[in-house]
Amino acid sequence: MNLQELERIAARLVAEHKGLLAADESNSTIEKRFKGIGVTSSETTRRAYREMLFTTPGVEKFISGVILYDETLRQKTKEDVPFADYLGRRGMIPGIKVDKGTKPLAGSPTEKITEGLDGLQERLQEYYRLGARFAKWRAVIEVAAEIPTEYCLRANAQALARYAALCQEVGLVPIVEPEVLMDGAHTLERCADISSATLKIVFDELYTHRVALEGILLKPNMVISGMQCPRQADVAEVARETVAVLKRYVPAAVPGIAFLSGGQSAELATAHLNAMNALGHFPWKLSFSYGRALQAAALEAWRGREANWGAGQKAFSQRAHCNSSACAGAYTAQMEKVA
Ligand code: 13P
């Protein structure tokens, strides 16, 4: 393992004022997103949409890296330049989602386990050859009356740690993503408890699997009220609780924490990140790795038409800019009005 190189890549991914674009929707997920705007999902439309995002003028000021899906890593721009090369030339590091999605967990089938470990080493080697320099694996933790079980947390943490160890061996920075879902009526306090238990087990397994924490990034959920919870915690509470949980359970050796947006509105995801960074300095960088919160407005503006590329890119650039400011605690609601 070349730890220095992993550290260098991780540091670039969470460089000042920068965060990640998660554009790694599987074909079934992007189909759902396209359906929302009346666009048929095909290899052609998926390629065109991703090209629109990646070629946004000036966006490299805000975006350090882009997480791609297998198909996208193999696609090219209209000028026949592989997306990975194109992004690299613009200073944005290409990454790759390597998990194969979730299945019901044997023995506790209302919970989920993430699959994709079989043959992973060979796939990682190929992704490296194709230009990827970091990877992502997402574990999904659902919250309800009797779940998550300790068994589910442990099984998912073991898979995450095994994936992370393999990535580091191949030279890819692993993004370790344990997502406690915001679906449900649970309170902020319960989200804090489950997020704490999750992170504790994840780091326990990372140690066991000899993963070098200096060469990973963590991609967690924020500590937030369940979507159906009658009392929604405000921005200040979410920021305070999220930071409190992270301080207790994320070692200072981890260079950066890049949040997922998880179904929050684009504006709220930005406001939460901003409020955390306004609280002061932390041992790790606090940044973003948003999918929906960076793309929703761009998708809506694009609607599958090449004539709307400019509008789509403007919408994406605006969100990237706002989140870049939020990395420094310098985002203001005024920035939304300018848009
Ligand atoms: P969201 O920001 O839409 O949650 O997506 C981030 C991601 O990469 C999920 O794995």
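Treat the numbers as computed from the prediction; the structure is a model and nothing was measured. For ligands, and for the atoms within them, numbers begin at 1 and follow the listed sequence.
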Kindly state whether the ring of Phe54 and the ring of Phe83 have centres lying under 6.0 angstrom apart. yes
Compute the shortest N/O to N/O distance between Ser289 and ligand 1 and return yes if it is under 3.5 Å, no if not. no
Hey, are the side chains of Leu217 and Ile257 touching, using non-hydrogen atoms and a 4.5 Å cut-off? no
Contact partition for Glu177 relative to ligand 1, non-hydrogen atoms under 4.0 Å: side chain
Is the closest side-chain donor-acceptor distance between Glu122 and Tyr127 under 3.5 Å? no
If you have a sec, work out which protein heavy atom is nearest atom 5 (O) of ligand 1 and how many Å separate them, to one decimal? Gly291 N, 3.5 Å
Under-4.0 Å salt bridge between Arg50 and Glu25: yes
Mark yes when over 12 heavy atoms from residues, nucleotides or ligands other than Arg248 sit less than 6.0 Å from its CZ; otherwise mark no. no
Taking 4.0 Å as the limit for heavy-atom contacts, which would you say applies to Arg138 with ligand 1: side chain only, backbone only, both, or neither? side chain
Parallel, tilted or perpendicular, judged at 30° and 60°: which one describes the rings of Phe34 and Trp302? tilted
Among protein heavy atoms, which sits nearest to atom 6 (C) of ligand 1, and what does the distance come to when rounded to 0.1 Å? Lys219 NZ, 3.4 Å
Should the proximity of Ala269 to ligand 1, defined as any heavy atom under 4.0 Å, be assigned to the side chain, the backbone, both, or neither? neither
So if I count the atoms of ligand 1 from 1 in the order they appear, which ones are less than 4.0 Å from some heavy atom of Ala22? 8 (O)
Angle between ring planes, Phe282 versus Trp284, binned at 30° and 60°: parallel, tilted or perpendicular? parallel
Give the contacting part of Ser261 toward ligand 1: side chain, backbone, both or neither, where contact means a heavy-atom distance below 4.0 Å. both
N or O pair under 3.5 Å between Gly262 and ligand 1: yes
Heavy-atom proximity to atom 10 (O) of ligand 1 ranks first, among Glu179, Lys136, Glu25, for Lys136
Given Lys200 and Asp204, is the salt bridge (Lys or Arg N to Asp or Glu O under 4.0 Å) satisfied, shown in steps? CA-CA 6 Å; Lys200 184 164 180 284; Asp204 183 35; over 6 Å; no
Ligand 1 to Tyr290, heavy atom cutoff 4.0 Å, flagged ligand atoms 2 (O)
